[in-house]
Amino acid sequence: GAVVSQHPSWVICKSGTSVKIECRSLDFQATTMFWYRQFPKQSLMLMATSNEGSKATYEQGVEKDKFLINHASLTLSTLTVTSAHPEDSSFYICSVPTGGQGYGYTFGSGTRLTVV
Amino acid sequence: GIQVEQSPPDLILQEGANSTLRCNFSDSVNNLQWFHQNPWGQLINLFYIPSGTKQNGRLSATTVATERYSLLYISSSQTTDSGVYFCAVESQWGSRLTFGEGTQLTVNP
């Protein structure tokens, strides 16, 4: 199956700073990638769809100016949390659709962000 | 959008017991996956099963697409099976996965 690498695995940052999370599809070219957020004891909620070479599509209620997404190549998407606040502390995880290979969607290992 | 309901929300078992987790969905699907989220948050893909039956060791899954439900069977449970099990679906109308709320499984020794 496809391999998706995400890093960092965890990060602690100060309020007001920005944090960049990378999602790489190591063996599968992806024109689309997805970013999810998961708060403790809750399910995964889709934040945005990252589109290679064009603007990302954000879900309702997600601030596009706060969560900057760049999908500059077929194997890399980045999520930047700008001016982070404690309420942005969460688990962020990316996924790559690999349905053509019969595996559905493959997920990265996730990034645990703590804003202090 | 498509709705996904999982039951039960919590399940506590003794080691060696069998269990069945259920996933109901509200529309026709192109894709259905079962995941196990380990304590570190990593999502382990268990099955890609938009229809039919699959087995992998002690785990098996069945999706009855016409009746819009899927079942995950865990036999001879082990403490390492503990964690959250998620069902996620992709409707026939959209190209994204929608997750259910999950089943928190605890297997006691």
Considering heavy atoms only, which positions within residues 10-36 of chain B lie below 4.5 Å of chain A?
N31(B), Q33(B), F35(B)

With the 4.5 Å side-chain cut-off for hydrophobic clustering, are [X] and [Y] part of the same group?
| X | Y | value |
| --- | --- | --- |
| V84(B) | F107(A) | yes |
| I69(A) | L46(A) | no |
| F99(B) | V4(B) | no |
| F47(B) | L105(B) | yes |
| Y69(B) | I2(B) | no |

Counting a contact as any heavy-atom pair under 4.5 Å apart, which residues of [range] contact chain B?
| range | result |
| --- | --- |
| residues 71-93 of chain A | F91(A), I93(A) |
| residues 30-45 of chain A | F34(A), Y36(A), Q38(A), Q42(A), S43(A), L44(A) |
| residues 109-116 of chain A | S109(A), R112(A) |

If we define contacts as heavy-atom pairs under 4.5 Å, which of Q37(B), E101(B), R96(B) has the most with chain A?
R96(B)

Does atom CD (E59(A)) have a neighbourhood of more than 12 heavy atoms from anything else shown, all under 6.0 Å?
yes

State whether the number of non-hydrogen atoms from other residues, nucleotides or ligands found under 6.0 Å of K20(A) atom NZ is greater than 12.
no

Between OH of Y48(B) and OG1 of T98(A), what distance do you get to the nearest 0.5 Å?
9.0 Å

Taking the side chain as every heavy atom from C-beta outward, state whether E90(B) and Y105(A) have any atom pair closer than 4.5 Å.
yes

